[in-house]
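Reviewing the structure listed below.
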Amino acid sequence: MFIERLTIIGVGLIGGSLACALRKQGVCGEVVGCGRNIENLQRGVDLGVIDRYDTDPARAVTGADVVVIAVPLGGFAGVFQAIRDAVNPSVILTDVGSAKGSVVNDAKQHLSPALYSRFVPAHPIAGTEKSGVAAAFAELFVKRKIILTPHEQTDADACDYISTLWQYTGAEVVTLSVEHHDRVLAATSHLPHVLAYNLVNTLAQMDEQADVFQFAAGGFRDFTRIASSDPTMWHDICLANREAILAILARYQQHLNELSHAIKTGQSETILTAFKQAKNTRDAFFG
Ligand SMILES: NC(=O)c1ccc[n+]([C@@H]2O[C@H](COP(=O)([O-])OP(=O)(O)OC[C@H]3O[C@@H](n4cnc5c(N)ncnc54)[C@H](O)[C@@H]3O)[C@@H](O)[C@H]2O)c1
Ligand SMILES: O=C(O)C(=O)C[C@]1(C(=O)O)C=C[C@@H](O)C=C1
């Protein structure tokens, strides 16, 4: 595989890291960046992540063999509209969005059937709480999972191509349906972020605020690292995957109510059993 010209729309943590990883493997030639923040794009050039940039998506995708959309989910519809008449007919389009139902709907609505068939939805299950191109690094995807959610019209060769592209980054590629992806990620990624943001706000609104944070140590830090993630990105994810998030949030609230009742009524056995079960599950998974 060799990509003569790769265009990354949204040169941040994920788009920038993908460009770095492919460059490091020597599988791409020119990398063109596209975004809204000139300072961030110039930083991308200075860091060697991209070769040049254009703030106009239509110009940025001209002549590209592969276009990766790596903007927050709320920006996808606008990007599809902006690039659909400017891309090569042979282009392969892909993305890195954290929820797939909204992305696939936007693609279906705004791309021609031919271009829609060349769009391969993808989601790297890798990231950090940092944003922007300065946070990008080539090793981000090593030994991490990449989920592809091809739809019925996805061209099989385009899908294989994107699978190979991700394997060059050191990732393991798996395929899921859009619905399954969005249910699973609502539970394992979206719910924890909602909880972390909410925990920080709950504590921040306590009267003894200053004292609370002064004594917050490892547990609080570990639990809330992800509350430092980009608010716009998570706002967009919550709205894009709202049904699946609300469903798992309701289950979580029910379990929390049960635990709260057990603590209130001193049900020692119930509390101990719940904590033992959780510890065993986590230890078995992460070691
Ligand atoms: N951060 C993570 O852990 C993570 C992991 C997997 C997937 N994702 C997904 O990857 C995508 C990008 O996330 P990130 O963490 O790299 O964000 P980021 O903030 O680091 O980068 C996004 C970039 O897109 C630019 N941008 C925003 N709107 C735009 C638009 N309409 N057109 C062009 N550029 C635009 C921003 O200026 C920014 O440079 C999101 O869809 C997110 O859901 C994030
Ligand atoms: O490690 C982190 O900081 C992340 O939040 C990464 C994380 C996750 O929840 O695991 C966040 C969003 C994604 O779409 C994929 C990965």
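Start at 1 and go down the list; that is how both ligands and their atoms are numbered.
Note: an N/O pair closer than 3.5 Å links Arg225 and ligand 2 by distance alone. For a threshold of 3.5 Å applied to N or O pairs, the pair formed by Val71 and ligand 1 contains at least one separation below that value. At a 3.5 angstrom cut-off on N or O pairs, Gly127 counts as close to ligand 2. At least one N or O atom of Gly132 sits closer than 3.5 Å to an N or O atom of ligand 1. Remark: ligand 2 and His193 share an N or O pair separated by less than 3.5 Å (distance only, no angle test).
Heavy-atom proximity to Glu129, at under 4.0 Å, picks out these atoms of ligand 2: 3 (O). Within ligand 1, the atoms closer than 4.0 Å to a non-hydrogen atom of Val96 are 7 (C), 8 (N), 9 (C), 10 (O), 11 (C), numbered from 1 in the order shown. The ligand atoms of ligand 1 that sit less than 4.0 angstrom from a heavy atom of Gly97 are 41 (O). Ligand-side atoms of ligand 1 in range of His123: 6 (C), 7 (C), range being under 4.0 angstrom from any heavy atom. Close approach of ligand 2 to Trp234 (heavy-atom distance below 4.0 Å) involves ligand atoms 11 (C), 12 (C).
Nearest protein heavy-atom neighbour of atom 16 (C) of ligand 2: Ala126 N, 3.8 Å. When hydrogens are left out, the protein atom nearest atom 8 (C) of ligand 2 is Ser189 OG, 3.4 Å; that is the closest non-hydrogen contact.
Of the candidates Met233, His123, Lys130, His123 brings a heavy atom nearest to atom 14 (O) of ligand 2. Between atom 6 (C) of ligand 1 and the options Ser131, Pro124, Gly127, the minimum heavy-atom separation is to Pro124.
With a 4.0 Å heavy-atom cut-off, ligand 1 is reached by no atom of Glu129.
Put simply, no part of His190 is less than 4.0 Å from ligand 2, judged by heavy atoms.
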